[in-house]
Structures are given as structure tokens and as C-alpha cells.
Amino acid sequence: MTTDDAVLRKPPRRADAVQQRTRTRNPLTWARGGGLSAVVFALPLLVIFGVFSWAPIVRAVVMSFQETNLIVSSWVGWDNFQQVFADPMLPVAIRNTAYFALLALIFGYPVPLVAAVLMSEVRRAKGIFSALAYLPVVVPPVVAVLLWKTFYDPSDTGVFNTVLGWFGIGPFAWLNSSTLAMPSLVLEATWAAAGGTVIIYLAALTSVPSELYDAAEVDGASVWRKVWHVTLPQLRGILLITLILQIIGTAQVFLEPYLFTGGGPDNATLTILLLIYNYAFQSLGGNYGMATALSLMLAVFLAVMSLVYFRLTRSWSAS
Amino acid sequence: MRFNRTTALVMAGTMSLGLLAACSSNKDDAASPSGTTTPGGDTSSAPSNEPVTITVAGLLPGAEKAAVDALNDRITQFQEKYPNITVKSKEYQWLPTTFAADLAGGTLPTVFEVPATDTKTLIANKQLADMDAQLKQEPYANDFNEQVIAGGKGEDGHVYAVPAKSFYSVALHYNRELFTKAGLDPDKPPTTWQEVRDDAKVIKEKTGKAGYGMMAKDNAGGWQLVAAAYSRGGRVQTEANGTYTATLTDPAVKASLQFLSDLKKDGSLYPDSGLGWAEINAAFAAGKFAMYTSGSDIYTALVQNQGVTKDNLDYGLTAIPTENGGGALTGGTYAGVRPDASDAEKDAAMKWIDFWYLAKLSDQDQAVADAKILADQKPPQAVGTPVLPIFSKEKYQESLTWIKDYINVPLDHMTGYTDVMFTQPLIPEAARATQDTYGLLFPIVQSAITKDNPDFDSLLAKANTASQKLIEKSK
């Protein structure tokens, strides 16, 4: 017996068997085995995602290296990125967006949590409170902004100015003041968005084991200590998620500055997304190259920030 | 079981194909039969009677029902006159923000309206169809006011944008009721900027309403600042030997901003910096302030979109105050046609432009038909709002005699403007990077309205540098 014979007679190993089976499969057996059905069933989804999500992303990447009016295009290399960096409005937009995010974090982030914890303590008519909290989310955003715009009327007869006037306060210029415009936007945005987060927190609170509260109560813990030592640690996973979602959301704020102020007064509410919009649409013919270049930079920044965030908080959320 | 699986597969596949089909262009539909090749083999520019469908810019979004009815009545008359042409109207407002996307996406009407500010840019960008051959078929092709038709011509001398409507000079609009309540004579509106300031102060003190409002949102704010600067003898751009230079640091621009600051100090300035063209019309119609500047033809829009009547607003119109050799900024509206329109569509488009915009200025029967429909609506739409002539002054005045029985705008409250409309100096808009320059100026207008002591010199110097760059880029 030669060495070759010995090799041939050796029983096939598991990996070899798999390889053998793969080799014997042809397109027909693949189709008969359900492969084709899987592809056909996935096709509508793939088409929808492809056409409405991935194609625009790819198109945006391409456009960021072009000068285009959507009909005629030419390649310009990194010019669009250089022009974005050279634009004096970019630092203004970044500063304003960061300011909006900070204000939303300080005032907007704790509000739903506090509301949810308080509502979870309510014994009766919890549904009514949930509905009331969620009501602003049901109001179409444009309608909500137009409503608040009338509240912020800068004249003495404006709704907020009238109410504050009863206490001898104001009148304030609200959206027409460079210093008050951004906090005014945050106030409305918090009102509009808090309801959704409250519902998420309320759902998460139901999953906190009641034994923990019972044990804390036996130990004589006050309400505050129960919240601090039981509720918050149990919610930390969801809190981390809502925090990063809020940061990403506020970095992309557009609706409020666009509808309330158009970025004014004097660029005090010009955010990054509004700057992107202005690049694309303010001038006749549109500078879509600069708009997509800045969009890409923002997307990359948010992706990197999210990665770093999850790395840094991994141990905390897992423990 | 096997049958169900097959059926499901077929459904999934069909759905995919349907999605793909839905996402594909429907350009063939838009082209309609007009673009068909004749048996001879050439694409005819067709005086043929082949059916053709065009979409046309209709009224501004949010127009009153009476205005919509008037348009629909005119479309019916047009289709009776040209049975092979189907006209579909579409709510339309010129927005530089969405124009390029509308054109690329195929949602722009076949016939649309373009302000004089932007015709040259669109022609240079090849975003308008060449309408020279079609316009030459019209009997009045050589009768246009030369300055007006020049605004629609390309460098090749062809007409791409047809002068259509609303040629105006910027004027001062005022609320006569607030003047009366403040003890001022509404028949003697202010004729200098100092008088505007004085009257605004009196109105605020006596009525509690702001005396003066100013557009400050988006490019409209820049447009009105430039109009104010022109009225003070200034310019925002000069031209020498084909070289254009930004002059935003012109003292007249600063004086116009300082005027707003002074009104703010007086407490007579309407404190909202978020008013664009439409918003300021709404605020004025609601009686929130007494005076503002805008195109002289704004009364038509106030009736059409704000439901203004003689009963609910005592409207007054007068010329914009001028000093230091200043004049009134002019502008107007041209009709443009999609650059991808077929010859048959272009022919049909020209017929519509003639019918809807121009025939009423040159043909007595059409003028009367148009005026009658507008005047018969409930409530009646504006007939006879003063505009600058697209043809000659004589032709314009003759057209007014044709429709004199239907004129329903308060002409006796507009004499401050109509007495000087043919004699006041008229100044066209800047020729280069016009919209972009307005875009640089409106944040400074917002500063004037919202801040106590803005550094106008520094703000204008920065804007001037940016404007110069944009002018050079626009070559």
C-alpha cells in the first residue's frame, strides 16, 4: 500500500464532508432547497431599502465630490469639503448646535424621567396622565411650532408676554432676541418630544422587580432613596440608550430653527442641519456639493461619537 | 401548500417589480403625444392639432376660493378656444429653494413664473427653454418695453423668459385707518423717510400699534434693504467695463439699517424679525402695523391670499420716499417654460402665456373677459391694481380704459403712487449673484430689528467681502 492509497482510504474529516456537499450543490438544488424563495421574499424589502435608503446615501457620497445642479455635474475632488471648512458660518452653526444640545440635555433630558417616575407612583388614573403626557407627540410638529410661534409673539399682547405681564414680568422678545431665541426653541422641543420618552420610561419601570422596592421599604428607604438606589440603577440601560438618541437627535435639529426663526435673528439659531439646508437650497441653483459634504462629515462624526460612547459606557450598562 | 408558496412567491416578485416601476421616471407621460415623431421623420414644431397636455403655474398656495374659481373659468375658456390643449393648473410660488429640485424631479410646471431677479441666472444655467420662435408668432412680439424684454433675453439675443405680469416698483403701503386713528391725514402719506419715522412714532403713541414693519426673514429681507438703499441714492453693486464690484458698504445701506434702529429706539418698529414676503402681507392685513414697503402691486396678493376687501382694510399706496437722487427698485415676473419641453408643448405654453398673461394687455375682448371673471367672483378679485407697463405706457393706459367698468381697487387711495409711477427714477436689481447678496443681507436686517446697537460697519464689511466672492464665482 502506497502512501497515496492510505490518504485515499482515510475517512473524510467533517470539514471535508461539508466542502464535498457544497461542491455537489448547483443552482438548481439551491433553488429547490429554498434559496430562491428566500431571495424573492427578501426582494421587496431590499428594493425599498435600496431605493429609499442606500441609494440616496451612495448618491450623497458621490455628490459631495461633485459640483452639480442636479442636471449637469462635474468632479471637483475635495473642493466642497475645503469650502465647508472655510465657511465662517460653520463655527457659528457648530456652536449653536452644541448650545441647543446642551440646553436640551440640561432641561429636556431629566423632564421625562421625573415625569415617568412620578406617574409610576400614581395609583389612580395612570392612563389619563400617560395620555396627557403623550398628547404633544400626537400634535403634528409643524402645527405645534406654528402654535408656539403665536405664544412667542414679541408684542405686549403675545400669549406668554400677557401671562408674564400679570406678574409684572416682561415683555420679552422671545424668538426676536439673540439670547432668548435658542432657549425658546428648546422649551418647545422639550414639550413636543418628552411624551414619547415618558412612555418608554414607564414601560421600563414596569420591568423593575417589585421585590426590590419591597426590600428597600423594609429597610426603611425613603421615596428619594428608592428612586436613587433601585429605580435609576434598574433603568440605566434604557437611560444610556435615550441619552445617545437624544444627543444624535439634537445634533440633527432642523425643524424648530427652520420653522421658528429660519436661523435668525442674526444667525443665533443657525444649526448644522439648517446650514446644510441653506447650502443646498438658499442660493439659486443650489450648492448640493457643499450640502452633502457637510452631511457626510456630520454622519461620520455622529457614528464615531456613538462608537466611543458605547465603548465608554459598556461596562456600566453591562454590570 | 405548494400552491400557497408559489402564489406568495409570485406576489413578492410582482411587488418588487411594481416598486421598481413606481420608482422609475414617468417622463414619457410628461412629454405627452406632442413630442411624437411625424411620419416625415422630424419632430414637428407643430401648428398641428395633436392633443397636448401642459401644466401651468396657477395661484399662490392658499389662494382664496374665489381666485381659484376665476382661474378655472379662464382655463375652461382657453380649452374651448384650443380644444387640442389640455391645461392642468398647479399651485405655484417661485422659491429659489426648491426650483432646481423641482426641475430635476419633474414636478415643475411646463409654464412657471420667475421673478426678474433670477431670469439671467436661469438662462445662464440652461434652465429655461428658448421661446424666441414661439414669441415671434405673436402680433405684439416687437412691442415690448425694451428694458423689460431685455431682462428675459440670453447672451444669444433669444428670448427665454417672456415678460408676463406684475412689473412693479417698490412702494410704501399704509393702513389709512391707523393714520386716521392717530390723527394723521391719510390723504397726505409721508414723502420723506424722516416723515415715515415721525408718523410711525405718532401712530405707536396714539394707537398702540407699531408704525412700521420690515421683511427680515430669508432673502426677502435683503431685497427690501436694497430697495431702501436705492431710495437713498445707494447701490449694492457697480459695473465698470464688464467688471462687477460689491458695494454693500455704501453709506445708503447703513443709513437704511440705521433707520430701522432709530424706529426700534422710538418703539415704533414692529418687533418681529421673522417676516418674509407672505408673512408681512398677513401681518399688515391683520392691522398689526401701519406701513411697510413691498412691490406696488401687492394689493392683488392681499385680496387673493389674505381676503382683503375695501370693508376690512382701508388700504393706501404711495411712492417710496426718495432722497440723494435715489429711485425705486423695480422688478417683475416673467413666464418661463421647462427646458425639456417638446416643441408642441412650447407652442401650447406660448398660447397659454398669451391667453393668461399678455392678451389682456393687448386685446380688448380678452382684457374684458379676464376682468369680468375676476370682478364677478364672490368676493371680487382685484382688477386694476397699478403695475408698470410691459408694453408701452400708452398701451397700458388704453388697456385700463377697456376694463374701466370692472376696476374695483381703491385707486383714489393710491394716487400717492399713481401720480409719480411714470416719472420716478426706476432702478433694476443688481445683475450678479442677486439672491446670494440678499441672503447675506437679511441677517443684518434682523440685527437691526433685534439688537440695540449693532455694529453695522463691521457686519456690512464682512457681507461685502462675501458678496464680492459670490459675484466673481457667478461669472
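Letters A, B, ... mirror the listed sequences (proteins, then strands); counts begin at 1. None of these values were measured; they are calculated from a predicted model. Any value given below was found using the heavy atoms of this structure, including those in side chains, with hydrogens, waters and symmetry copies removed.
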Check each atom of B:Asp218 against the heavy atoms of chain A and say whether the ones under 4.5 Å are side chain, backbone, both or neither.
neither

Side chain, backbone, both or neither: which part of A:Asp153 has a heavy atom under 4.5 Å from chain B?
side chain

Please determine whether the number of non-hydrogen atoms from other residues, nucleotides or ligands lying under 6.0 Å from atom NZ of B:Lys469 exceeds 12.
no

Measure the OG-NZ distance between A:Ser155 and B:Lys288 for me, rounded to the nearest 0.5 Å.
7.0 Å

Quick one: closest heavy-atom pair of A:Tyr288 and B:Ala100, and the distance?
OH-CB, 3.3 Å

Relative to chain A, which of B:Ala466, B:Ser447, B:Ala448 shows the most heavy atom pairs under 4.5 Å?
B:Ser447

Which atoms of B:Leu103 approach chain A - backbone, side chain, both or neither, heavy atom under 4.5 Å:
side chain

With only heavy atoms counted, which part of B:Tyr438 is less than 4.5 Å from chain A, the side chain, the backbone, both or neither?
neither

Does B:Lys264, at its NZ atom, have more than 12 non-hydrogen atoms belonging to other residues, nucleotides or ligands within less than 6.0 Å?
yes

Between side-chain atoms of residues 205-216 of chain B and protein atoms elsewhere (two or more places apart, or another chain), which donor-acceptor pairs fall under 3.5 Å?
from: B:Thr207; atom 1: OG1; to: B:Ile203; atom 2: O; distance (Å): 2.6
from: B:Thr207; atom 1: OG1; to: B:Lys209; atom 2: N; distance (Å): 3.1

To the nearest 0.5 Å, how far apart are CD in A:Gln83 and NZ in B:Lys473?
5.0 Å

Relative to chain B, which of A:Gly50, A:Ser178, A:Ala42 shows the most heavy atom pairs under 4.5 Å?
A:Ser178

Residue by residue, scan residues 248-270 of chain A and write down, ordered by number, those that have a heavy-atom distance under 4.5 Å to chain B; if none do, write 'none'.
A:Thr261, A:Gly264, A:Pro265, A:Asp266, A:Asn267

Distance-only side-chain donor-acceptor flag, A:Asn176 / B:Thr450, under 3.5 Å:
no

Between B:Lys451 and chain A, with a heavy-atom cut-off of 4.5 Å, which part of the residue counts as in contact: side chain, backbone, both or neither?
side chain

Can you confirm whether more than 12 heavy atoms, excluding those of B:Lys254, are under 6.0 Å from its NZ atom?
no

